[in-house]
Asks: 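Dropping the structure in here first, questions after.
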Amino acid sequence: MFILNTWYIAAWGHEIADKPLARRICDQPVVLFRDLKTKQIAALEDKCCHRAAPLSMGVVVESGLQCGYHGVVHDCAGRCVHIPGQDKIPARAKVRAYPVVEKNEFIWIWMGDPELADESAIVDYPFNDDHRNWPHHRGFYHIKAGYMLMVDNLMDLTHLGYVHGSTIGGNPQTHVEALMDVTKTEDSLKYVRWMLNSVPPPTYLAAVPFKGRVDRWQEFEFSPPSNVLQWSGAVDAGTGARENGNRSGGFSLRIFHGLTPETENTCFYFYAPANGYRPEDEAATAALMDHISEAFMEDKLICEGQQARLDELGDGGLVDIVSDATRVQLRRIIRRMAEAEARQNAARAQEAAPRAAVPQA
Amino acid sequence: MFILNTWYIAAWGHEIADKPLARRICDQPVVLFRDLKTKQIAALEDKCCHRAAPLSMGVVVESGLQCGYHGVVHDCAGRCVHIPGQDKIPARAKVRAYPVVEKNEFIWIWMGDPELADESAIVDYPFNDDHRNWPHHRGFYHIKAGYMLMVDNLMDLTHLGYVHGSTIGGNPQTHVEALMDVTKTEDSLKYVRWMLNSVPPPTYLAAVPFKGRVDRWQEFEFSPPSNVLQWSGAVDAGTGARENGNRSGGFSLRIFHGLTPETENTCFYFYAPANGYRPEDEAATAALMDHISEAFMEDKLICEGQQARLDELGDGGLVDIVSDATRVQLRRIIRRMAEAEARQNAARAQEAAPRAAVPQA
Amino acid sequence: MFILNTWYIAAWGHEIADKPLARRICDQPVVLFRDLKTKQIAALEDKCCHRAAPLSMGVVVESGLQCGYHGVVHDCAGRCVHIPGQDKIPARAKVRAYPVVEKNEFIWIWMGDPELADESAIVDYPFNDDHRNWPHHRGFYHIKAGYMLMVDNLMDLTHLGYVHGSTIGGNPQTHVEALMDVTKTEDSLKYVRWMLNSVPPPTYLAAVPFKGRVDRWQEFEFSPPSNVLQWSGAVDAGTGARENGNRSGGFSLRIFHGLTPETENTCFYFYAPANGYRPEDEAATAALMDHISEAFMEDKLICEGQQARLDELGDGGLVDIVSDATRVQLRRIIRRMAEAEARQNAARAQEAAPRAAVPQA
């Protein structure tokens, strides 16, 4: 079961130019395309209302998306607006349209009840638009694991020492012993890990002339159900950054992690590592992307292995450990969202049902 | 469910020389081979009666098809005729044999009740044997779509402008507005599309010195349940060819389209584009094959896309349009054939059943 | 259903050095690794008790196998012995361990009840350890057929003339007419085939200066449920080797055939052709391996074809022939083993069940 009444990232905006794009989201085949005139994005069920051909095999025309089989055209709202050889268009000639919003370089899609789609609920990530201060490359992986396993991964960094030993990991013990400042509410979760007075990693040193040891932080904010906003960096040790909140004057990078369910046990991973430490240095931005992509490939592989075992053997008998604390929290948040959606659906179904006949006295 | 009491093309005759050929037809594994002496084709269930090894992994010997595992031999009728190391051959040592006929370069197979197999019911296509006037290459595609989707495709040419825009298509509007002369009976369907007084396409012009505009026809005859005979061409405009039936003196090509169900949602496509306009020109025959194969690849891809959506989402809610008229007809013919076969099977089953005991007075 | 209370070959010993090895055995995911200190082999369920990641993606450390995700360590007995970031280890933090024994270059595994695992029941094959007199290479094939089809194959050599016509086969009639000395008991089966006074094959001649014709034998011993020990060779014709048992002074080679069920219809094939005729000649040992591997590829292909047909069509209606005699015997032995194991399991289940309440008078 998917949470449907929420915004997922369907694509990077740049992926959709003059050709339609097919993508399966929440196990539904979707076609995305950009209107020729308005340049706005539309998302439709990827199945022509005429003979079921995938609309993604068609072409974008003035009036909408033209099916590549017999030329039927649907507009951005999914209405059939042209049938070759006939003037009358039946009212039922249409396909489902999904609300979409282009924001911060992402195409956000709402797979649930369109009436509930609230654009203001989309998480803000202005850094993607600030190419001068936060230059970044745009990453995309197909993951053969459910999105929740990837969120688990991001919200428990004790894996760094083991999964990323040869890339971004470093000393396992340091990661296990990092201080965790966790902020949580009913529906949000955020932590800042501090490695105080620690030796700065080579990447950091190469970018910033630290005096010696540093206070290093990793801030991870969970934007339910499937996105994580990361801000990492370091300042000279002993400046009290952990307490006073002043993290400027040192090293800093940001990564947006967006997970989108493709099927129950596969997902898409959109990520964007932004170079906040030498923003004018294009080579540094590219190198950062390479390092991060290599590390995320390691996450992809371990989560895919994990998914394969869970698919076959289930999760019975697994043992939670201390470092699972945030994972347990985030799973609770996701479960609450799913339960709330189920209640809402049930209530609406009851409303829609005909009243029961009242027995006469 | 397949229509079984009918003839399907199992293979091109040239595919079967000295080695057996495995091919799945109507979801049954079949092996085809050519008798060493008579050169006649036989078709057997592709499973040795001894230990179930595929007979198609064996070799053709004097007495029949020798299993490649332990050397058991079955003859063309499926009878076991040799068991290494023993003289006595059990009566039940046999495999199913299917009626086959080689005609017009095709191997036709009857997957249903052998008693009903009537060779005279096989469609005539003498052009395949007339290499001087109708030279052709022999095409074969494996299609990941049910054969009916391919028949649909052939019997509604309004797709030409959309699917084949870059190959044999041309102006969509011309195709949508073509005149349709449809002839239909309970069990047959044929149409001739006329594009009167139209500009001849470059291929036509290169072959025939037309005076100017042409009357162009496309004749498609459906041979149920799964073959289509095409004859296309053009003569100088205004000669009254549509009315008087005289189509000689211009451009002309023929294509036999044979579809054979492999499984419920895959099929084989046998096609043979015959060069009737410059028959002595081998390069023209080869070029025609190339153009047609490229175009049919486009059909293959769109039908495969369509099948994928139908497999997942079903055909509920689809909307018929004007150009579906012949498609609706041909589907009716196929349905009638299937229903007739079901009735026949039920009647035979009843005949075969023991009489109910008559209660004594 | 698998026979579980028996020893299967999990791997060649040399396959497991410093990295863990994943292998599915009896449809269970297993990880094998070699203890850093003792160099002994351990086999665990390939699923971390923490978050289900495959342990085979981890690394071998001093205390056992460290999970590659969050660093949890299990020892050779499957007990969790280290959890990063916490001292207390819950008692239920463990994974299943399988008894394993390294013997004669093979890693033997017991997939059933560990209490019943009796190391002395493992078949002896000292030739694998005798590199001076029986030099060999180590073969491994993944077979998309159940192990029993491969055992069938080995215990009925009449297939040689058909499957191996171009490799080790030779004249089919010779093989069909070979004398069979069969020894069988309730749970064992062994045969020696003799081709008396036959022409020695080229390989034999090149190795040994035979005077002329030879008495050639093929001894195959079935070690239930899934291993076969082969000894083949020849001596000068007429020395009475068949009667007096003296097979020295001629040509001789040995092959251990070990089959291990991966799933119900796939298996692993471990084989080791040992050069007993020119043991000091490394090139001869390598050439023997090449010939044998090529021939076994032919067995693999025919058995995979057979399995595909059986998977689809079942084994109804198959006809046994004279040469199936040993196959029928070995299948009986396997069935008896399976039935004995089922009875044993049922008895233990009854023992373990609470006593039924005795009704009071």
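Residue numbers start from 1 in every chain, and the chains themselves are labelled A, B, ... in the order their sequence lines are given, proteins ahead of strands.
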Asks: Do you know which of A:Gly85, A:Cys48, A:Cys67, A:Ala52 has the most heavy-atom pairs with chain B at a distance under 4.5 angstrom?
Replies: A:Ala52
Asks: Does NZ in B:Lys300 sit with more than 12 non-hydrogen atoms of other residues, nucleotides or ligands closer than 6.0 Å?
Replies: yes
Asks: Which bit of B:Asn153 is near chain A, if near means a heavy-atom gap under 4.5 Å: side chain, backbone, both or neither?
Replies: both
Asks: At what distance, to the nearest 0.5 angstrom, does NE2 of A:His70 lie from CG of B:Leu157?
Replies: 9.5 Å
Asks: Side chain, backbone, both or neither: which part of B:Gln307 has a heavy atom under 4.5 Å from chain A?
Replies: neither
Asks: Do you see a donor-acceptor pair shorter than 3.5 Å between the side chains of A:His50 and B:Asp320?
Replies: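 B:Asp320 and A:His50 do not have a side-chain donor-acceptor pair below 3.5 Å.
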Asks: Do any of residues 253-263 of chain B come closer than 4.5 Å to chain A, heavy atom to heavy atom, and if so which ones, in number order?
Replies: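 When heavy atoms of chain A are the reference, residues 253-263 of chain B contributes no residue within the under-4.5 Å range.
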Asks: Is the shortest heavy-atom distance from the side chain of B:Leu313 to the side chain of A:Pro29 under 4.5 Å?
Replies: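 SC-SC contact between B:Leu313 and A:Pro29 confirmed.
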Asks: Hey, could you give me the SG/CD1 distance between A:Cys49 and B:Ile321, rounded to the nearest 0.5 Å?
Replies: 8.5 Å
Asks: Could you pull out the closest heavy-atom pair between A:Gln86 and B:Val322, with the gap in Å?
Replies: OE1-N, 2.7 Å
Asks: Tell me whether A:Glu115 at atom CD has more than 12 heavy atoms from other residues, nucleotides or ligands lying less than 6.0 Å away.
Replies: no
Asks: So does B:Arg309 pair up with A:Glu45, basic N to acidic O under 4.0 Å?
Replies: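 No salt bridge links B:Arg309 with A:Glu45.
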Asks: Considering only heavy atoms from C-beta outward, does the side chain of A:Met57 approach that of B:Glu304 to under 4.5 Å?
Replies: no
Asks: List the atom of B:Tyr162, the atom of A:Tyr69, and the distance in Å for their closest heavy-atom pair.
Replies: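 Closest pair (atom of B:Tyr162, atom of A:Tyr69, distance): CB-O, 3.4 Å.
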Asks: Taking every heavy-atom pair that is under 4.5 Å apart, which of A:Gly58, A:Ala93, A:Ala53, A:Gly68 has the most such pairs with chain B?
Replies: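 Of A:Gly58, A:Ala93, A:Ala53, A:Gly68, A:Gly68 has the most heavy-atom pairs under 4.5 Å with chain B.
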Asks: For A:Arg51, does its backbone N or O pair with a side-chain atom of B:Gln306 as donor and acceptor, under 3.5 Å?
Replies: yes
Asks: What are the two closest heavy atoms between B:Val319 and A:Pro90, and how far apart are they?
Replies: CG1-CG, 3.8 Å
Asks: Are more than 12 heavy atoms, taken from residues, nucleotides or ligands other than B:Glu264, located less than 6.0 Å from that residue's CD atom?
Replies: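 Atom CD in B:Glu264 is packed in, count exceeds 12.
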Asks: Less than 4.5 Å to any heavy atom of chain B: does that hold for the side chain of A:Pro84, its backbone, both, or neither?
Replies: both
Asks: In terms of heavy-atom proximity below 4.5 Å to chain B, should A:Cys80 be classed as side chain, backbone, both, or neither?
Replies: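 Interface part for A:Cys80: neither.
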Asks: Does the side chain of B:Leu310 come within less than 4.5 Å of A:Lys47's, by heavy atoms?
Replies: no
